[in-house]
J.: 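The structure under discussion is supplied below as structure tokens; questions concerning it will follow.
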Amino acid sequence: MKTGISLFAVFLSVVLLISCDKKNVNDDSCDNCPEEDPIDGPYEPEDYNISAPSWVLQSPIVPSDNPMTVAGVELGRHLFYDPILSSNGTMSCASCHAINKAFTDGRQFSTGVQGIDGFRNSMPLFNLAYTDAGFFWDGSSPSLEEQALLPVEDHTELNESWENVVSKLSEHDEYPKLFRAAFGIERKDEITKELAVKAIAQFERSLITFNSRFDRIVQYNDGWFTEAEKRGRDLFFVEPNTQDNTHPGCSHCHVGTNLTNNLFMNNGLDDVADLTNFTDLGLGAVTNNVFDNGKFKVPSLRNIELTAPYMHDGRFATLEEVLDHYATGGHGVLNEDVNIRPFPLTAEQRSDLIEFMKSFTDTSFVNNPAFASPFE
Ligand code: HEC
Ligand code: HEC
């Protein structure tokens, strides 16, 4: 009888050892190798190359610990569009970053799953591989990887814990395979929030827009500006021999490949008695330097036609309102940039400037199926 039991025990442990061995687990206990743990499916990483035209001289900034792969970008695209990231399964990143609006949401303030409004205007997502100036209107997020951690747990956004997201992803039919294809992991319990945000960041870096009418005319001599656009262009870009205090001078700040100097500045929106009185301190809250209060990221003007309303707090509904603001020349607040000065603006000049800015719209970008939802 005794021998019977120990024989049975030996038999049992052999069976258990074999089943563990099959799953490539070095543990001697099978508590750690449940049936669903290993992931089948291929891991054949293929480099993803950002497809920027040759006239873009700057190289994309890709962190060495998160090289882009085709499968990584694809996983990121799934996660970006999947409401699995939200507590009640109703919202994804794309709810506030919609492709047809150059990845903004068209609202003054974004509303999260609980119906609570945030306090800033959603930002467009494109050419993000070309800046390391800090993300968010106030530059508070140092990298796309770090940024992508935040919306999930923000109660005014997706309001979900990463722990839950990771367990939903591990139990999902498709995601374990996508994670394996992207990162070569072998078991479902190797899915982490760190890998999820790496994939999202890879997808975000793939969102490239360099094919606006403006680009085609300037870079390839493909087409012509209309007369109105030409007048607008000359107002936007400062002509050296007409430099005086009364030009719009937009290109002092909205300049270069992405029509931004990548700096944080005060463009004269708020009339405050002193620098501590801004409702939103912007960069100042990040640096704790009073002189940075009220400074915000100089946004790219690419696709500006599609990203209304405007400014960090979405205060202007239209580009007309934006131009009227600039023409009044700010409020003389101490840290306003010197290029914020009043200038004359006729109705025709206003519409010329807007016509010109509309040439920054890249319709091939917002219609690119590679950037659209994989679920539709
Ligand atoms: C509820 C709406 C909402 C959701 C959901 C949301 N965002 Fe945002 N996003 C915003 C707002 C608003 C800002 C600007 C916030 C600020 O400056 O404080 C922003 C800013 C960003 C930026 C900074 C861009 C730049 O140029 O600095 C990135 C990147 C970004 N979001 C990516 C994501 C990703 C990835 C997700 C999903 C994991 C996501 N967002 C989900 C509203 C949202
Ligand atoms: C001194 C630098 C500076 C100059 C000059 C300047 N801007 Fe801006 N611009 C900014 C900053 C900074 C912001 C963001 C401010 C904020 O949201 O608080 C901005 C925001 C904008 C926005 C809103 C973008 C968005 O995504 O919401 C538009 C449109 C714009 N500027 C157009 C212009 C035009 C047109 C001119 C010329 C008439 C101009 N700017 C001149 C710095 C400047």
Side-chain angles (χ1 to χ4, degrees), residues 104 108-109 118-124 131-141 232-256 258-302 304 307-346 349-350 352-354 356-357 360:
T104 58
Q108 178 172 16
F109 300 118
F119 66 109
R120 295 220 179 113
N121 185 234
S122 170
M123 300 178 82
T131 175
D132 56 2
F135 299 96
F136 286 144
W137 282 106
D138 57 12
S140 58
S141 183
R233 177 194 60 191
D234 294 343
L235 291 168
F236 188 95
F237 290 107
V238 185
E239 300 296 327
N241 58 352
T242 60
Q243 276 210 20
D244 56 31
N245 287 342
T246 58
H247 60 73
C250 315
S251 68
H252 281 300
C253 305
H254 301 284
V255 67
N258 275 319
L259 299 165
T260 168
N261 55 12
N262 287 315
L263 297 176
F264 294 81
M265 297 177 119
N266 176 355
N267 68 341
L269 294 175
D270 290 324
D271 189 9
V272 291
D274 76 73
L275 294 181
T276 59
N277 289 11
F278 289 100
T279 23
D280 186 338
L281 295 183
L283 181 67
V286 179
T287 61
N288 284 319
N289 178 347
V290 168
F291 202 72
D292 288 337
N293 287 355
K295 291 188 184 175
F296 292 89
K297 185 185 265 193
V298 177
S300 169
L301 295 191
R302 288 185 172 278
I304 195 71
T307 65
Y310 302 107
M311 305 298 166
H312 69 274
D313 55 5
R315 69 176 66 187
F316 299 132
T318 62
L319 288 172
E320 282 81 356
E321 288 176 33
V322 169
L323 286 173
D324 289 345
H325 154 68
Y326 280 113
T328 61
H331 303 281
V333 171
L334 197 58
N335 65 356
E336 263 174 35
D337 188 79
V338 290
N339 294 297
I340 301 298
R341 301 238 175 109
F343 56 86
L345 184 71
T346 64
Q349 287 173 319
R350 204 167 68 158
D352 289 346
L353 267 164
I354 292 173
F356 174 62
M357 286 194 277
F360 302 155

J.: How close do Pro248 and Leu353 get, counting heavy atoms only, and between which atoms?
T.: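 Looking at all heavy atoms of both residues, the closest pair is CG-CD1, 4.4 Å.
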
J.: Would you tell me whether Ser140 and Asp138 have side-chain atoms, one donor and one acceptor, within less than 3.5 Å of each other?
T.: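 On atom types as modelled, these side chains qualify, holding a pair under 3.5 Å.
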
J.: Considering residues at least two apart in sequence or located in another chain, which fulfil the ring pair (Phe, Tyr, Trp, His ring centres under 6.0 Å) criterion with Phe135?
T.: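 Not a single residue meets the ring pair (Phe, Tyr, Trp, His ring centres under 6.0 Å) criterion with Phe135.
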
J.: Within this structure, what is the CG-CG distance for the pair Leu281 and Leu283, rounded to the nearest 0.5 Å?
T.: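 Rounded to the nearest 0.5 Å, the CG-CG separation comes to 10.0 Å.
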
J.: Name all residues meeting the side-chain contact (heavy atoms from CB on, under 4.5 Å) criterion together with Thr279; count only those two or more places apart in sequence or in a different chain, and write none if there are none.
T.: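 None.
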
J.: Working to the nearest 0.5 angstrom, can you tell me the gap between Trp137 CH2 and Met123 CE?
T.: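 Between atom CH2 of Trp137 and atom CE of Met123 there are 5.0 Å.
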
J.: Side chain to side chain contact (heavy atoms under 4.5 Å, CB included), that's the test. Do Lys297 and Thr260 meet it? Break it down for me.
T.: CA-CA 9 Å; Lys297 185 185 265 193; Thr260 168; 5.7 Å; no

J.: Which residues pass the side-chain contact (heavy atoms from CB on, under 4.5 Å) test with Asp274, sequence neighbours left out?
T.: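 Counting only residues at least two positions away or on another chain, Asp274 forms a side-chain contact (heavy atoms from CB on, under 4.5 Å) with Thr276, Asn277.
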
J.: My understanding is that only residues two or more places apart in sequence, or in another chain, count here; which of them pass side-chain hydrogen bond (donor to acceptor under 3.5 Å, both in side chains) with Asp352?
T.: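 Once residues adjacent in sequence are excluded, the partners of Asp352 under the side-chain hydrogen bond (donor to acceptor under 3.5 Å, both in side chains) criterion are Arg231.
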
J.: Would you name the heavy atoms of Pro309 and Ala317 that are closest together and state the gap between them?
T.: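 Between these two residues, the closest heavy atoms are CB-CA, 4.1 Å.
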
J.: Of all residues at least two apart in sequence or in a different chain, which pass the side-chain contact (heavy atoms from CB on, under 4.5 Å) check with Glu336?
T.: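 With neighbours one apart ignored, the set is Asn266, His331, Val333, Ile340.
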
J.: Rounded to the nearest 0.5 Å, what separation is found between the CZ atom of Arg233 and the OG atom of Ser251?
T.: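 Interatomic distance, Arg233 CZ to Ser251 OG, rounded to 0.5 Å: 12.0 Å.
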
J.: Under the rule for ring pair (Phe, Tyr, Trp, His ring centres under 6.0 Å), what residues qualify as partners of Phe360, not counting sequence neighbours?
T.: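 With sequence neighbours excluded, Phe360 shows a ring pair (Phe, Tyr, Trp, His ring centres under 6.0 Å) to Phe214, Phe236, Phe356, given in chain and number order.
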
J.: Could you please spell out the steps behind the side chain to side chain contact (heavy atoms under 4.5 Å, CB included) verdict for His252 and Asn261?
T.: CA-CA 8 Å; His252 281 300; Asn261 55 12; over 6 Å; no

J.: State, yes or no, whether a side-chain contact exists between Leu323 and Gln349 at a heavy-atom distance under 4.5 Å.
T.: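 They are not in contact (no side-chain heavy atoms under 4.5 Å apart), so the answer is no.
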
J.: Answer yes or no: is there a side-chain heavy-atom contact under 4.5 Å between Pro299 and His254?
T.: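 They are in side-chain contact.
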
J.: Using the test side-chain hydrogen bond (donor to acceptor under 3.5 Å, both in side chains), find all partners of Asp337 that sit at least two apart in sequence or belong to another chain.
T.: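 Scan of Asp337 (side-chain hydrogen bond (donor to acceptor under 3.5 Å, both in side chains), adjacent residues dropped) gives Asn339.
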
J.: Checking Ala308 now: which residues fulfil side-chain contact (heavy atoms from CB on, under 4.5 Å) with it, not counting sequence neighbours?
T.: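 Checked Ala308 against side-chain contact (heavy atoms from CB on, under 4.5 Å); matches are Tyr310.
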
J.: For His325, which residues count as a ring pair (Phe, Tyr, Trp, His ring centres under 6.0 Å) partner, sequence neighbours excluded?
T.: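 For His325, the residues satisfying ring pair (Phe, Tyr, Trp, His ring centres under 6.0 Å) (neighbours in sequence not counted) are Phe316.
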
J.: Quick check: do Thr131 and Asn258 have side-chain heavy atoms less than 4.5 Å from each other?
T.: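 Of all side-chain heavy-atom pairs linking Asn258 with Thr131, none is under 4.5 Å.
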
J.: Which atom names give the shortest non-hydrogen contact between Pro124 and Thr307, and what distance separates them?
T.: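 That would be CB-CG2, 4.1 Å.
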
J.: Can you list every pair that meets salt bridge (charged side-chain N to carboxylate O under 4.0 Å, His left out) and has a residue in residues 310-327, with sequence neighbours left out?
T.: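 Sorted result for residues 310-327: Asp270-Arg315, Asp313-Arg315, Asp324-Arg350.
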
J.: Only pairs at least two apart or in different chains count here, so list each salt bridge (charged side-chain N to carboxylate O under 4.0 Å, His left out) that has a residue in residues 277-293.
T.: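 Qualifying pairs, neighbours excluded: Arg120-Asp280, Asp292-Lys295.
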
J.: Please report the interatomic distance SG(Cys250) to CG(Asn267), rounded to the nearest 0.5 Å.
T.: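 That separation rounds to 11.0 Å.
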
J.: Can you tell me which residue pairs pass the ring-ring contact (aromatic ring centres under 6.0 Å, His included) test with a partner in residues 273-296, sequence neighbours excluded?
T.: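 Every ring-ring contact (aromatic ring centres under 6.0 Å, His included) pair that includes a residue of residues 273-296, provided the two are not neighbours, is Phe296-His312.
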
